[in-house]
Every structure is written in C-alpha cells, then in structure tokens.
Amino acid sequence: MTKENATSREGFTSKFGFIMSCIGSALGLGNIWMFSYKLGAYGGAAFLIPYFLFVFILSTTGLITEFTFGRYFKAGSYIGINTLFKKRNLKSGKIIGLLPTLGITGIFIFYCIVVGWVLKYFALSITGKISTIDTQTYFSNFSGTSSSIPWFLLAVVITLLIVISGVAKGIERLNKIVLPILFVIFIFLMFKSLSLEGAMEGVRYLVIPRWEVLLNAKTWIMALGQAFFTVSLTGCGMVVYGSYINKDFDIPTSSLQTAIFDTLAALLASFIIIPAVFAFNIAPDSGPSLLFITVPKVFQSMPYSSVISSLFFLSIIFAAISSSVSMLEGPVETLLSATNLTRKKATILVSVVCFLLGLPLAVNIGMFGQFADFITIVLSPIGVLIVAICFFYLFDKKTLLKAVNQGSKHPVGSWFVPLGKYVFVTTTILVIILGLIYGSIG
Ligand code: PFF
C-alpha cells in the first residue's frame with residue numbers, strides 16, 4: 001500500500017454515486033451503435049438469451065472480481081498485482097501489473113476520437129445543419145481527416161476537466177447528474193420513435209424471436225463479445241472504481257445493478273433506433289455508419305429534426321463521456337500511485353500523451369480500426385485475464401470470499417470460486433481466441 005493509499009485516498013461518497021458511475025462506465029457507445037444492430041441481425045428477441053446469459057456470468061464474476069480486487073488492495077491493478085506478486089515471490093509484477101492500464105489507455109484513445117465525431121454531430125444538430133448534409137459524403141469527408149482533430153481534442157479536454165476535479169467532485173458528480181437525464185431522454189426518444197408511422201415493422205424485427213439463429217455459433221460469439229465490452233471489463237477501470245469504495249458497499253448487488261441498468265439502456269437505444277430506421281425504410285447498419293450516416297438520414301425526414309437530433313446526440317455524449325472518464329481515471333490512478341505527481345499534473349500528462357498518440361489514428365481510419373481491434377481483441381482482454389488469474393489463483397478461498405462478501409446483504413456462496421476459476425477465466429481466454437479468429441466480436 002502506498003502512502004497516498006493509506007492516508008488520503010479519494011473515494012465515492014455514496015452508494016448511489018458509485019452505482020451511477022459504474023452504470024455510466026458500462027453504458028456507452030457499445031450499447032448504442034452495436035447492441036441495436038446485433039439484436040436485430042442476430043435473431044431479434046432470441047439474441048437476448050445468449051446476451052443475458054453472458055452479461056449475467058460476466059457481471060457476477062468479472063465485475064465482482066474487479067471491484068473486490070480494487071477494494072481489497074485500496075489500489076488500482078498496477079499496485080494490486082505488484083503487491084500480490086511480491087507476496088508470492090513472483091517476478092515481473094511491475095510489467096504484468098502495467099498491462100491492464102495500457103489496455104484501458106488504448107481504449108481511451110480510440111474512444112475519444114469517436115466521442116469527437118459525436119460532439120461534431122451534436123454541433124451540426126443544434127445549428128440545424130444536420131438537415132442539409134448528404135450524410136454519406138459528409139461522414140466520409142469528416143472522419144479520418146484533419147477536420148476531426150479539434151473535435152477529438154474537445155473530447156479529451158472535456159474528459160480531462162472532469163477527471164481533474166477528482167473522484168467525488170468530478171466523476172461521481174457528473175454521473176449522478178447525467179445518468180438520470182440520459183434515461184429520461186432515452187425514454188422520450190423511444191416514445192417518439194415508436195409513434196412514427198411504420199415503426200411497428202422495426203419493433204417486429206426486434207421482438208419476434210428467430211430461434212434458428214441460436215443454432216448458429218456466431219450468434220453466441222457476437223453476444224459474448226458484446227457482453228464483454230459493455231460491462232467495461234479491462235482489469236483496470238472497474239478495479240480503480242472498486243478501490244474507491246469502503247467495506248460497507250455491497251459489491252455483488254452493485255455488480256448486478258450495473259448489468260441490469262446497462263442492459264436496460266441498450267434495449268431502450270434499440271427501440272429508439274431500429275423502429276425509426278424501419279419507419280423510413282432504411283436498412284439498419286452497425287457501428288459508425290448506423291450512428292453517423294443512417295440515423296441522421298432518419299432525422300432529416302422528421303419534423304423538428306434539429307431538436308430531436310440534438311437530444312439524441314446529447315444523450316450519446318452523456319453516455320460516452322461517463323464512459324471515457326472511467327477510462328482516463330485508470331492511467332491517472334496508476335500514475336498517482338506510482339509517482340509523486342498531483343492529480344492535476346497526472347491528468348494533464350496522460351491526456352496530452354493520449355491526444356498525441358491518437359493524432360495519427362484520427363486522420364487514418366484504417367489505422368484507427370486496426371488499433372481499436374488490437375486493443376479490444378488482445379490487450380484489454382489480457383488485462384482482464386491477468387486480474388482474474390491473480391484473484392482466483394493467487395488468493396486463498398477464504399480471503400477471497402470474505403473480501404467479496406464484506407458489506408453484502410446477499411453474500412455469494414463458495415460456488416463463486418469455481419465459477420470464476422474455470423468459467424470466467426475460460427470465457428476470457430475464449431474472447432481473445434474468438435476475437436483473433438473472427439477479427440472483431442465486440
Ligand atoms: N462499456 C463501454 C461501452 O459499452 O461503450 C465501453 C468501455 C468503457 C470499455 C469503459 C471499457 C471501459 F473501461
């Protein structure tokens with residue numbers, strides 16, 4: 001334990017603030033641009049079966065593991081892994097301990113580039129310009145070019161300003177305000193979308209289960225990748241959030257609540273996007289083109305398009321920034337625990353380095369894609385695996401269960417250990433292997 005950890009470690013001030021921050025981290029672009037597409041493309045309601053199953057397994061094991069690891073060491077994964085390795089006389093704790101931080105830093109870099117695009121589309125919406133553009137041409141002339149750089153910078157600066165304010169005054173406060181507003185906007189937009197003529201076709205596409213897809217391995221693989229990315233497992237961010245809570249916080253319940261609200265938001269996003277897309281007879285797409293080409297096209301055909309479109313992109317900004325702060329907090333915490341830097345200096349240093357490293361990616365979509373794939377398929381799941389192995393193989397069973405169940409009204413039983421040791425660790429290895437085989441599954 002470092003001096004800083006023992007004496008003046010920051011922390012969440014309330015359970016509500018902690019849960020909002022975890023939901024904020026989990027609920028992000030992944031819920032919006034990937035989930036809606038996958039739900040429709042992989043069998044409608046039938047997709048929910050593997051998806052719920054994986055989210056349940058990953059939240060009951062992965063999230064509990066990461067929160068507990070952080071709370072136990074009162075530190076992020078860098079210090080936690082180091083301490084554990086030293087105790088067990090194992091070598092290379094410093095290098096291995098750094099990998100989860102590197103993974104989340106990589107996610108922060110490519111994520112902020114996309115947040116920059118969202119900021120730009122929000123600006124286009126409030127100025128009303130969104131209704132005049134040719135969405136296809138506009139997006140290809142903007143993304144991957146130098147015009148996106150100022151927006152990437154803005155995304156980094158907004159995140160920096162929140163993280164610099166600290167855990168309680170920055171991250172917790174942001175999430176407590178922004179998340180409830182986000183849900184209200186989502187519910188409003190869902191009713192708006194469902195009231196469009198022809199929307200029911202989209203609803204049918206989402207809810208009528210096509211059971212035969214469950215026989216296709218790809219459905220299960222896509223559900224696994226989606227679930228893994230959405231609960232924000234990296235072996236770093238959620239460990240750091242866990243290190244900011246005390247022994248009264250109920251980790252198993254918080255993990256489940258995070259998964260439930262994250263899934264709810266993903267379902268809401270699907271019922272906003274897909275019915276509207278069907279109402280205007282446009283084919284649903286995935287990823288960037290869904291958000292920046294298809295959806296703006298839908299808005300163009302609606303009355304009050306700039307108001308609806310502004311609300312939509314504002315809610316995505318809220319979802320994305322509440323995730324990006326959890327990413328930046330990862331390397332900032334590592335730096336704070338390993339050096340004597342102040343939070344202000346550490347946050348600025350990490351942000352500047354990430355911005356500079358992101359510049360070549362911001363102007364080259366091919367490189368951006370390769371980088372994002374490497375991070376999400378290889379580096380980040382390796383970070384998850386490291387923490388999972390440390391937790392389930394280097395802790396003794398009694399200590400592990402005691403650490404998980406401290407403060408819990410619904411303590412987990414001893415079944416938790418084999419579930420983590422075999423099911424969770426194997427699932428994480430599978431995510432890496434399948435990601436390498438299929439290119440990208442998240
Ligand atoms: N869960 C976020 C999303 O679905 O967009 C992404 C994410 C956030 C991944 C935070 C990792 C992380 F640490």
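Since we're looking at a predicted model, the values are computed, not measured. Just so you know, residue 1 is the first one in the sequence shown, and it goes up from there. First listed ligand is number 1; within each ligand, the first listed atom is number 1. Just so you know, these numbers use all the heavy atoms, side chains as well, and skip hydrogens, waters and symmetry mates.
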- Message: Suppose we call two aromatic rings close when their centres sit under 6.0 Å apart. Are Phe249 and Phe18 close by that rule?
- Response: yes
Check ligand 1 for close polar pairs with the protein: N or O on both sides, less than 3.5 Å.
unit_1, atom_1, unit_2, atom_2, d
ligand 1, 1 (N), Ser25, O, 3.3
ligand 1, 1 (N), Ala26, O, 2.9
ligand 1, 1 (N), Phe229, O, 3.1
ligand 1, 1 (N), Thr230, O, 3.1
ligand 1, 1 (N), Ser232, OG, 3.0
ligand 1, 4 (O), Ala26, O, 3.2
ligand 1, 4 (O), Asn31, OD1, 3.3
ligand 1, 5 (O), Leu29, N, 3.1
ligand 1, 5 (O), Gly30, N, 2.9
ligand 1, 5 (O), Tyr111, OH, 2.7

query: Should the ring pair Phe292 and Phe313 be called parallel, tilted or perpendicular, given that the plane angle runs from 0 to 90° and is split at 30 and 60?
result: parallel
Sorted by chain and number, sequence neighbours left out, salt bridge (charged side-chain N to carboxylate O under 4.0 Å, His left out) with Lys297 holds for none
Across all chains, not counting sequence neighbours, the side chain to side chain donor-acceptor pair (under 3.5 Å) partners of Ser140 are none
| request: Check for a donor-acceptor pair, side chain of Ser323 on one end and backbone N or O of Ser25 on the other, with a separation under 3.5 Å. | output: yes
Taken in chain and number order and not counting sequence neighbours, the residues that satisfy salt bridge (charged side-chain N to carboxylate O under 4.0 Å, His left out) with Arg343 are Glu10, Glu329
